[in-house]
Engineer: 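Structure provided below as structure tokens; questions to follow.
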Amino acid sequence: MPVVVKCIYRLFFHKLAKFPEPILAKCSSFYFLYYIWTGYFPQQCERLFKKYNTDVLRVAPNQLVFNDPRSLKDIPGRSDVYRGDFALRVIGFSAVNVSNIRDPGEHRRKRRVMAPGFSNTALTAQEPHIVAPIVDKLISKIRETEGGTVNLADYFDCATTDIIGALSFGANFGMLDQLQNHPFLHVLPNVLRLSVIAQCIPEVFRTLSWANNQPGLQWTVPKPMRKVPDFAGYHLAERKKRDAQELDKSGRKDIISIIEAGNEKYKGQEGYIQLGKTEMLGEATTLVTGGGDKVATALTMTMYLIGQHPPVYQRLVSEIRATFDSSESVSSTTAATKLPYLDAVLNETMRISPVLPGPMWRRTDHSIPVAGYVVPAGTELGAMRYNIFRHPKAFHDPDTFKPERWLSDMGDDLEASQPFGVGPRTCIGRNIAWMELRHIMCKLIWNFDWAPVTINYQNPEYLVQYRGPMHMAASSRKSS
Ligand code: HEM
């Protein structure tokens, strides 16, 4: 269709023509691409929601975003919507996996096999042997910085990626050992950034994906986009080699082995197809990508925010130090039951600064009701998480960091903040995340007194927050 005709159609006759939007966004995806490229798409939406006095926006010819807490349940809460074109097919060129698979039935199959690896029972057994020693290594690495400052954004990245390597692959990824020199440091956020931008124009992404599968054409694809699957594939292969050498594997309980056991359990059952080799590679990639970076961001933001709010910091120090006698006695299970203020701080951090601030796109192939609107079939749509988590109808003083709102009823609608998502595609790793967040925060606060260094810290987002350096000063604790 000639460009002018296409524009006229999109402006006046398109099924979404009645929804408010800037005129440029009606005609082409370039408007959307520009704001995604800047990394401040949610902030631009905030301005547009206000400008048009609306809670729904058409941000590209075929895309709607909502700023109404009800849309959290009305979109991702549904089991009959698909991953959108602009959703998680962004980890470079990962094989199909639980987080990027489109079909809801296939997705259920994968979740069923994977779920036991993420259960609290599996994790409680692993925390003292696998997680605690890595966190202790983090503490000693921070101790080495005394008298100077520490870039927590990178230190957390190394620690959480090492944890997911040990939990999933039974491997030492060696990030904390090498810190700034580790070749995987910063790879994932950069790949996400590249992929998210490429995805804004689906034709570009599809062409790159196609080229990536053609022998002889792979050189046309930006190299970083293959780095994450390559890293995961390498560790999957290394794990297999170790497996072959091991005579008795019965003791192993890493997540990959639990997925493999699930594969065996359902083998031969009617309607069940085992996860094949490529799917296992896909899941390995999901574990590497999902497991480290997001927790690192939540920790970085928590430390930053408590550093900026001394009364919150002091209350947290009192709670944690009064609960544990020693650093060794820290456990996330104790923290979960005895440290309500820590949970309030973490919840408030993930509300005001969500790790995944964007809309987590979905697509519907039939018309559905969303927050009082009827969305036509074939639309890409999403709930704007950053904006909803700060919605004035749901939270008083929505832009203020106030952990107390999670401790007593202040009239807030706390359900309007859903850092781990809603519905069938909610975060499979949330138990791991909570375990790491509680364990690491307790040890950081138990061992050190902290002073802020970086101020005015704000990250752009490329699906997840794109962490910049965040420095603080740690000194061995003086008070009890
Ligand atoms: C603070 C840390 C974390 C946050 C805030 C977070 C948040 C989220 C959110 C919001 C989703 C839903 C996406 C959607 O609706 O489309 C999600 C999905 C997912 N998360 Fe997490 N996550 C965290 C940690 C983890 C960890 C530690 C893992 C472990 C490997 C993980 C693995 C996954 C996977 C595999 C999915 C896709 C699930 C599916 O589509 O069925 N996440 N996460």
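Both ligands and their constituent atoms are indexed starting at 1 by order of listing.
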Engineer: Of the listed options (Cys427, Pro424, Pro357), which comes nearest to atom 23 (C) of ligand 1 when hydrogens are ignored and any heavy atom counts?
Structural biologist: Cys427

Engineer: Between ligand 1 and Gln418, is the shortest N or O to N or O distance under 3.5 Å?
Structural biologist: no

Engineer: For ligand 1, which atoms sit closer than 4.0 Å to a heavy atom of Ser99?
Structural biologist: 37 (C), 40 (O)

Engineer: Non-hydrogen atoms of His107 versus ligand 1: any pair closer than 4.0 Å?
Structural biologist: yes

Engineer: If the contact criterion is a heavy-atom separation under 4.0 Å, does Arg362 count as touching ligand 1?
Structural biologist: yes

Engineer: Could you see which bit of Arg111 sits under 4.0 Å from ligand 1, with heavy atoms only: side chain, backbone, both or neither?
Structural biologist: side chain

Engineer: Test the Arg193-Tyr466 pair against the cation-pi criterion, namely NZ or CZ under 6.0 angstrom from the six-membered ring centroid and within 45° of the ring axis.
Structural biologist: yes

Engineer: Just to be sure I'm reading this right: ignoring hydrogens, which of Val98, Leu346, Leu356 gets closest to atom 7 (C) of ligand 1? Compare them by their nearest heavy atoms.
Structural biologist: Leu356

Engineer: Does Arg430 have a non-hydrogen atom less than 4.0 Å from ligand 1?
Structural biologist: no

Engineer: Any idea how Phe231 and His182 line up, ring-wise: parallel (<30°), tilted (30 to 60°), or perpendicular (>60°)?
Structural biologist: perpendicular

Engineer: How are the rings of Phe41 and Phe32 set relative to one another: parallel (under 30°), tilted (30 to 60°) or perpendicular (over 60°)?
Structural biologist: perpendicular

Engineer: Heavy atoms only: which of Arg425, Met435, Met350 lies closest to atom 12 (C) of ligand 1?
Structural biologist: Arg425

Engineer: Can you tell me if Pro419 contacts ligand 1 (heavy atom of the residue under 4.0 Å from the ligand)?
Structural biologist: yes

Engineer: Going by distance alone, is a donor N or O of one side chain under 3.5 Å from an acceptor N or O of the other, for Asp80 and His366?
Structural biologist: yes

